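A quick write-up on the structure given underneath.
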Amino acid sequence: MSRPSSSRPCSARTNTGNLFPSLQGFVFTEKLGSGTYATVYKAYKKTGGRDVVAIKCVLKSGLNKASTENLLREIELLKKLKHQNIVELYDFQWDEKYIFLIMEFCSGGDLSRFIRTKRTLPERVVKKFLKQLVSAMLYLREHNVAHMDLKPQNVLLTSSSNPTVKIADFGFAKHMFDGDKESVMKGSPLYMAPEIICQKTYDARVDLWSIGVILYECLFGRAPFASKSFQELGAKIWNDKPVELPYGVNVSEDCGDVITRLLQRDPDKRITYEELAKHSFIDIEHSPSSSSLQKAVSVVKDAVTEDTKGNYSNAIKLYCESLEYFMPAIHYEKCENKKEALRKKVKEYMNRAEELKKMIRPKKDSEMRRSVSSDPMEELLDLSKDDEELQAALKVIKAAEIEESNEEYEKALTHYELGLKTVITYLKEDSNSRRKKLLSKQAQVWMSEAEKIKSFLDVSHLNTNDTSGQEEMEENEHLQTGTCNLQ
Ligand SMILES: Nc1ncnc2c1ncn2[C@@H]1O[C@H](COP(=O)(O)OP(=O)(O)OP(=O)(O)O)[C@@H](O)[C@H]1O
């Protein structure tokens, strides 16, 4: 809510002798940086918990019509936007000299500086940042907001260890509904989608291109159109050549695919927001967010219900599905104690899933052999001596039984299914009544074995390992060493 500052325009002197602006209720401690129309300071609240904030101070006298519009737009938009990956605007005030935007403080600096200090970022870290940026972008799309000036300088980091990224600087942002077009040139050429320059009309898809450029720069240390002169930059923009990954780099196929699809010059060929959210490199549904834990709890509740009802196969699937939400929930949790408590709980659920897997595992050797020796297979083979096709099918099933007892489940299932195909046709036509009776009884047994194997195979490979701790450790190691991807 806007409310005028009661403070008189005055200033405090810094260590270096420069003047800080002054705002009642806050102590300015440090200059964080300055942009086109504002300077940003670190400050803390005099009252309460002395919360640290960032205050963007806009000198009113420096505002022309365009920058006033930018600022008002930024305030209007930021007031409405609340997302874990968007810098929050707490309040705004003004006095005779300045307009103050009191914002969430991000102590890790901006992504541009972060990349420069590390040269390149490892794919694991880039993937985490990208998921967070995409999550913010999807939220912006839901609110019909296009940022229009996404670049590493406008992406802030919450801290230097285990950082979260947040989108800042909504000075150029605009309410844009699907199909809306814009024709004014805005943004920074290195990060600007080609259609802004080449076609002069564009829409919210320009942000997808900029995300692609940010991703490229994080991985390779420079923007795809990085140039030594404006002429060179112009030539690269006005070109039909597809953007290629630098020679000799080592990125996963998924990662390469998402960069290439974001950096499509033609916006109609560019990946859409929906496709991006579902892309296997991003998989927003299973990305750490404030709702991860809620989703995990809801899935695990269903698992327990199925478990209680004795539907073990379903229960295992749901326990494992809950892990897909528990892991991002653990990543999202900042408090170490809570993380540990969550891990303990997850371990209990996953132990139960493993226990159930053992329970539904098809019979092992001794039991199986007993049923093999007691089954009338030998009699059936004898009754089918004059029928090569049925003999062959029965031998295939016999092999399946042995494979099952040896726990070669995939092979056993294939052979059960193959043999049963023939057996079933005989059941319809067989004139030998003794054989038909025996065959019919055994077919039931084999079908039920095949079903058991199928439902076991369906869940046996499902993951019950919580790797969140390992992942966090590796990520931190990477960040500390600043691993380089260009070899
Ligand atoms: N909330 C914040 N927390 C910490 N640092 C911040 C915050 N907001 C801005 N900064 C720092 O202040 C610098 C200036 O920010 P600002 O938004 O005014 O301009 P800019 O994005 O650098 O430039 P321009 O507005 O010209 O695009 C940023 O680059 C960043 O380093």
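What you see is a predicted model; the values in this text were computed from it and never measured. Counting starts at 1 for both ligands and their atoms, in listed order.
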Of all the atoms in ligand 1, which lie at a distance below 4.0 Å from a heavy atom belonging to [X]?
{"X": "Met103", "result": "1 (N), 8 (N)"}
{"X": "Asn154", "result": "21 (O)"}
{"X": "Leu32", "result": "4 (C), 5 (N)"}

- prompt: Short N/O distance, under 3.5 Å, between Glu104 and ligand 1?
  reply: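 Between Glu104 and ligand 1, an N or O pair is found under 3.5 Å apart.
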message: With respect to Val87, determine whether any N or O atom, backbone or side chain, lies less than 3.5 Å from an N or O atom of ligand 1.
response: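 Min N/O separation from ligand 1 is not below 3.5 Å for Val87.
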Aromatic rings [X] and [Y]: how do their planes relate, parallel, tilted or perpendicular, breaks at 30° and 60°?
{"X": "Tyr325", "Y": "His286", "answer": "tilted"}
{"X": "Phe281", "Y": "His279", "answer": "perpendicular"}
{"X": "Tyr139", "Y": "His143", "answer": "tilted"}
{"X": "Tyr319", "Y": "Tyr349", "answer": "parallel"}

field: Straight-line distance of Leu462 CG to Lys357 NZ, nearest 0.5 Å
entry: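 Result: 6.0 Å between the selected atoms.
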message: Can you tell me which portion of Lys151 lies within the under-4.0 Å heavy-atom range of ligand 1? Options are side chain, backbone, both, or neither.
response: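 It is the side chain that touches ligand 1; the backbone stays farther off.
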Region of Ala54 engaging ligand 1 - heavy atom pairs below 4.0 Å: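 For Ala54, the contact with ligand 1 is made by the side chain alone.
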task: Run the contact test for Lys166 against ligand 1 with a 4.0 Å cut-off on heavy atoms, strictly below, and give the result.
output: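 Judged by the 4.0 Å heavy-atom criterion, Lys166 does not count as contacting ligand 1.
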task: Please confirm whether Tyr44 and Phe26 have ring centers closer than 6.0 angstrom.
output: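 Ring centroids of Tyr44 and Phe26 are no less than 6.0 Å from each other.
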Selection from [options] by shortest heavy-atom distance to [atom]:
{"atom": "atom 9 (C) of ligand 1", "options": "Leu89, Thr39, Val40, Val58", "value": "Val40"}
{"atom": "atom 24 (P) of ligand 1", "options": "Leu157, Leu156, Asp169", "value": "Asp169"}
{"atom": "atom 17 (O) of ligand 1", "options": "Glu30, Arg113, Lys56, Glu88", "value": "Lys56"}

- request: Please check if the side chain of Ser468 supplies one atom and the backbone of Asp466 the other of a donor-acceptor pair under 3.5 Å.
  value: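 Such a contact is absent between Ser468 side chain and Asp466 backbone.
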- prompt: Would you say the side-chain atoms of Lys45 pair up with the backbone N or O of Asp51, donor to acceptor, closer than 3.5 Å?
  reply: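 Here the side-chain-to-backbone pair does not exist.
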field: Nearest-neighbour protein heavy atom for atom 29 (O) of ligand 1, which is reported as residue plus atom name and distance
entry: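 Going atom by atom, the protein heavy atom closest to atom 29 (O) of ligand 1 ends up being Asp110 OD2, 3.3 Å.
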